[in-house]
Amino acid sequence: MNILVTGGTGFIGSHTCVELLNNGHQVVILDNLYNSNIHVLERIGKLTGVTPKFYETDIRDKEGLKKVFEENRFDACIHFAGLKAVGESVSKPLFYYQNNIEGSLNLYECLIAYGVKNIVFSSSATVYGDNFEAPFKEEYGRGTTTNPYGSTKLMNEIIIEDLCKANEGMSAVLLRYFNPIGAHESGLLGEVPNGIPNNLVPYIARVAEGKLDRLNVFGDDYDTVDGTGVRDYIHVVDLARAHVKAVEYADKHTGCEVINVGSGKGYSVLEVLHAYEKACGKTLPYVVAPRRPGDIATSYAATDKAKELLGFETEYDIEKMCADSYHFSVMNPNGIE
Ligand code: NAD
Ligand code: WQD
């Protein structure tokens, strides 16, 4: 298939392009490089032998988008492009709605106008809100989101479902990611957060590199194995493989499916910290800090639907996730240059 990958130079998008190319698909990447780097393209080229065609385009730019669709014929679109910082979305809600909603609407308009029937969308476990008990099942539907970022994911799910009802032959897979971490084992691709990281593993990585003093563990009084928050971490390469399966599934079906992508297992903050200590061979200091507003105690996925519809299961465990994350940070002390 010839696949348009929006946000394809980003963390999950770049790993997905590698898996798509290695599975015989063609990709065209569209990204405005707001949170990624042009050198990612060369690295995808190194890993696959193919440097994808690239458009530096913003999905808020209708004319720019139109040009991409005029110049290519796509069988499918995997839509990663968007902003993802939960805290920033609270202080800049308009910026988030403009990028993640207005931009996505422009993209969907083009998909329909140019007859691209298959779409895979990056949704998030955040749409379950704090309304349900883990394991989160797709059939629970959507809960109450607690920040504008989460609301943009919930709204995009509803918009795509409506588009599938209105446009015969349209096919969508809404992938609800749990907590993607890790990096490509080559050390060529990985996550490069801007400034001080908000997410757990990128923060631990900075402590391991000696760039931050200690981890703040947000709460140790949850009803969990050791009192710290429990999450379902998934290796980014496993997540990328799920996209290959999802886009191939979309091509053979019509309608809209919501599918969780996680490992189905939960790890506490301290368990992740200890796995990272093993990976880097150092003891990493931490202090217990107050709970972070908006956090829930436990989140992990029900994985039966991914297994049944996509034949997808994760391969990599938490040790491998931490080892690959550490390897990437050692190989790229200044990010992707
Ligand atoms: P990322 O920031 O690394 O990648 C997103 C890419 O989109 C970046 O390269 C950025 O430059 C690009 N982009 C942003 N706004 C754009 C715009 N207006 N036009 C064109 N390009 C734009 O993030 P990621 O972790 O790879 O996440 C990819 C997708 O998955 C996002 O939609 C994110 O919300 C979603 N998601 C991520 C996580 C996670 O924890 N990483 C979890 C659930 C869902
Ligand atoms: C994991 C655990 C924290 C940092 C977020 C988004 C979600 C999705 C994935 C995009 C929690 C604890 C963290 C730290 C800590 N993104 N923690 N100290 O909150 O599960 O999910 O990323 O869709 O929408 O909300 O991930 O990595 O921030 O936190 O103790 O410095 O680590 O309290 O228990 P989260 P996270």
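Numbering of ligands and ligand atoms starts at 1, following listing order.
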Ligand 2 versus N179, non-hydrogen atoms closer than 4.0 Å: side chain, backbone, both, neither? side chain
With a 3.5 Å distance limit and no angle check, can you tell me whether D232 reaches the backbone of S263 through a side-chain donor-acceptor pair? yes
Residue-level breakdown please: for T57 versus ligand 1, do any non-hydrogen atoms fall below 4.0 Å on the side chain, on the backbone, on both, or on neither? backbone
When you compare the side chains of E277 and H274, does any donor N or O come within less than 3.5 Å of an acceptor on the partner? yes
Parallel, tilted or perpendicular: which describes the rings of F178 and Y128, with under 30° parallel and over 60° perpendicular? tilted
To the nearest 0.1 Å, how far is atom 18 (N) of ligand 2 from its closest protein heavy atom, and which atom is that? N216 O, 2.7 Å
Is a side-chain donor or acceptor of H79 paired with a backbone partner of S122 at a separation under 3.5 angstrom? no
Decide whether an N or O pair under 3.5 Å exists between I12 and ligand 1. yes
Close N or O approach (F11, ligand 1; < 3.5 Å): yes
Out of all atoms in ligand 2, which are within 4.0 Å of some heavy atom of Y233? Include the element for each. 1 (C), 2 (C)
At a 4.0 Å threshold, what atoms of ligand 1 neighbour a non-hydrogen atom of S122? 29 (C), 30 (O), 32 (O), 35 (C)
Considering only the protein, which heavy-atom contact is closest to atom 7 (C) of ligand 2, and what is its distance? S124 OG, 4.2 Å
How does L215 reach ligand 2, if at all, at less than 4.0 Å between non-hydrogen atoms: by side chain, backbone, both, or neither? side chain
K305 and side chain to side chain donor-acceptor pair (under 3.5 Å): which single residue from E139, E138, E257 fits? E257
Contact check: S123 vs ligand 1, nitrogen or oxygen atoms, below 3.5 angstrom: no
What distance separates I158 CD1 from L163 CG, expressed to the nearest 0.5 Å? 12.0 Å
Protein heavy atom at shortest distance from atom 17 (N) of ligand 2: F218 CD1, 3.6 Å
Find out whether the Lys NZ or Arg CZ of R176 is both under 6.0 angstrom from the six-membered ring centre of F136 and within 45° of the ring's axis. no
If you count the atoms of ligand 1 from 1 in the order shown, which ones are under 4.0 Å from a heavy atom of Y34? 11 (O)
Under-4.0 Å heavy-atom contact with ligand 2, by part of Y177 that carries it: neither
Can you sort out which atoms of ligand 1 are near L33, meaning under 4.0 Å from one of its heavy atoms? 11 (O)
Taking N or O atoms only and a 3.5 Å limit, does D58 qualify as a polar contact for ligand 1? yes
Taking the six-membered ring of Y316, is the NZ or CZ of K320 close enough (under 6.0 Å from the centre) and on axis enough (within 45°)? yes
Please confirm whether F80 comes within less than 3.5 Å of ligand 1 when only nitrogen or oxygen atoms on both sides are compared. yes
So, is N32 polar-close to ligand 1, with some N/O to N/O distance under 3.5 Å? yes
Determine whether a donor-acceptor pair (N or O, by modelled atom type, separation under 3.5 Å) exists between the side chain of K282 and the backbone of A208. yes
Using a 4.0 Å heavy-atom cut-off, which part of T126 comes near ligand 1: side chain, backbone, both, or neither? neither
Looking at ligand 1, is there an atom of it that comes within less than 4.0 Å of some heavy atom belonging to G103? no
To which protein heavy atom is atom 5 (C) of ligand 2 closest, and what is the distance rounded to 0.1 Å? N199 ND2, 3.6 Å
Is there any N or O on A81 that sits under 3.5 Å from an N or O of ligand 1? no
Could you point out which residue of E70, R73, K66 forms a side chain to side chain donor-acceptor pair (under 3.5 Å) with Y114? E70
Checking a contact table here: which protein heavy atom is nearest atom 6 (C) of ligand 2, and how many Å away? V86 CG2, 3.8 Å
Test of ring centre spacing under 6.0 Å for H243 and Y177: yes
For G262, does its backbone N or O pair with a side-chain atom of N260 as donor and acceptor, under 3.5 Å? no
Which bit of N35 is near ligand 1, meaning a heavy atom under 4.0 Å away: side chain, backbone, both or neither? both
Where the side chain of T6 meets the backbone of A81, is there a donor-acceptor pair that is under 3.5 Å apart? yes
With backbone taken as N, CA, C and O and side chain as the heavy atoms from C-beta onward, which portion of K153 lies under 4.0 Å from ligand 1: side chain, backbone, both, or neither? side chain
Of all protein heavy atoms, the one nearest atom 27 (O) of ligand 2 is L200 N, 2.8 Å
Of the listed options Y149, F121, Y96, closest to atom 36 (N) of ligand 1 (non-hydrogen atoms): Y149
